[in-house]
Amino acid sequence: MLDGFHIVSRAADALDKVSTAAWREARRSGTARKGVGDPIKGARWALLKNESDLTAAQRAQLECVANTNETLWAAYKLKERLRMILRQGARMRPRPLLRQWAADASLCDIAEFSKLGEKIARRRFDILRIRTGLPNARLEAVNNKIKTTIKIGYGYRSLDNLIALVMLKCGRLDLQLPGRQ
């Protein structure tokens, strides 16, 4: 899916990988502390949470991460910037912002975000086209209906036949068959 929730979820997955790599590097270098007292290990949930939903303790954890690990902090800021761009309405013109985010992510030294930036750069027009204002539940329902339609068939002779069947099921067509009222 190309809706905002799933895109930010991919950014959160990339951030989680960066966090794990930072923790492993800290353990390897001997700077890591045991348990939750470590600034990287204890900040996992704060890193993944929405910035607006953070508690005071989680904000303090993020401040500690900002002071101790530049790479992890840069990855967190990239994730939050992407979330902000995707939350903006159409009147805020997100196209140049998303293009700039993809360029920044592609050029950063963080491998996970470089890959994500390249993917978003390739699909940014689709991402912006999908932003219809529909709630996620509606998009998920249509996606589920398409998957169910694909599973019902035992194979299609061509992709055109599959697309026609999906359009018939999801298109809300009111077809009147001859001889029926």
Side-chain angles (χ1 to χ4, degrees), residues 1-89 92-131 134-137 139-140 143-144 146-147 150:
M1 289 289 288
L2 295 175
D3 63 306
F5 172 80
H6 288 94
I7 295 166
V8 172
S9 174
R10 287 195 177 180
D13 290 343
L15 177 63
D16 202 28
K17 289 178 183 174
V18 171
S19 175
T20 301
W23 166 246
R24 287 183 181 147
E25 180 59 34
R27 276 185 42 204
R28 201 177 355 256
S29 68
T31 59
R33 291 185 231 143
K34 290 273 186 186
V36 187
D38 185 75
I40 296 171
K41 185 95 171 168
R44 179 172 188 253
W45 298 115
L47 288 166
L48 296 177
K49 211 171 183 184
N50 290 349
E51 195 171 21
S52 59
D53 297 334
L54 293 172
T55 64
Q58 289 170 334
R59 287 184 195 279
Q61 286 176 328
L62 285 181
E63 191 173 316
C64 188
V65 166
N67 295 330
T68 58
N69 194 314
E70 281 179 27
T71 305
L72 187 55
W73 181 247
Y76 172 74
K77 293 313 269 181
L78 279 170
K79 177 196 71 111
E80 285 301 318
R81 205 168 110 208
L82 179 62
R83 182 189 314 271
M84 180 205 62
I85 291 168
L86 293 173
R87 277 199 176 157
Q88 289 184 355
M92 297 299 285
R93 304 201 189 276
R95 186 177 307 261
L97 295 174
L98 190 61
R99 182 178 44 235
Q100 183 62 47
W101 186 93
D104 291 346
S106 296
L107 296 175
C108 76
D109 292 334
I110 306 167
E112 290 80 7
F113 276 90
S114 292
K115 290 180 206 168
L116 183 64
E118 290 168 7
K119 284 180 187 175
I120 287 178
R122 279 194 312 265
R123 305 289 305 268
R124 76 174 185 273
F125 294 113
D126 296 330
I127 291 168
L128 293 171
R129 194 177 308 127
I130 295 290
R131 291 175 38 86
L134 290 174
N136 269 357
L139 290 172
E140 291 288 345
N143 190 36
N144 191 29
I146 291 170
K147 286 180 182 178
I150 292 170

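Count residues from 1 along the sequence.
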With a 4.5 Å heavy-atom cut-off, do [X] and [Y] have their side chains touching?
X: Asn50; Y: Arg87; value: yes
X: Arg10; Y: Ile120; value: no
X: Trp23; Y: Asn69; value: no

On a heavy-atom basis, which atom in [X] and which in [Y] lie closest, and how many Å separate them?
X: Ala46; Y: Gln61; value: CB-OE1, 3.7 Å
X: Ser106; Y: Glu118; value: OG-N, 3.4 Å
X: Asp53; Y: Gln58; value: O-OE1, 4.2 Å
X: Val18; Y: Ala75; value: CG1-CB, 4.0 Å
X: Leu48; Y: Ala12; value: CD2-O, 3.5 Å
X: Ser114; Y: Cys108; value: OG-O, 3.0 Å

So, the side chain of Thr20 versus the backbone of Asp16: is there a donor-acceptor pair under 3.5 Å, distance only?
yes
Ignoring hydrogens and geometry, is there a side-chain-to-backbone donor-acceptor pair from Lys49 to Thr55 under 3.5 Å?
no
What do you reckon, is [atom1] of [X] surrounded by more than 12 foreign heavy atoms closer than 6.0 Å?
X: Asn67; atom1: CG; answer: yes
X: Glu63; atom1: CD; answer: no
X: Arg59; atom1: CZ; answer: yes

Qualifying ring pair (Phe, Tyr, Trp, His ring centres under 6.0 Å) pairs, either residue in residues 56-75, two or more places apart:
Trp73-Tyr76
Measuring from atom [atom1] of [X] to atom [atom2] of [Y], what distance do you get when rounded to the nearest 0.5 angstrom?
X: Arg44; Y: Leu72; atom1: CZ; atom2: CG; answer: 12.0 Å
X: Ile7; Y: Leu116; atom1: CD1; atom2: CG; answer: 9.0 Å
X: Lys17; Y: Ile110; atom1: NZ; atom2: CD1; answer: 14.0 Å
X: Glu25; Y: Thr71; atom1: CD; atom2: OG1; answer: 9.5 Å
X: Gln100; Y: Asp104; atom1: CD; atom2: CG; answer: 4.5 Å

Considering only NZ, NE, NH1 and NH2 on the basic side and carboxylate oxygens on the acidic side, decide whether Glu51 and Lys77 come within less than 4.0 Å.
yes
Could you tell me whether Arg83 and Glu80 make a salt bridge, using a distance below 4.0 angstrom between a side-chain N and a carboxylate O?
yes
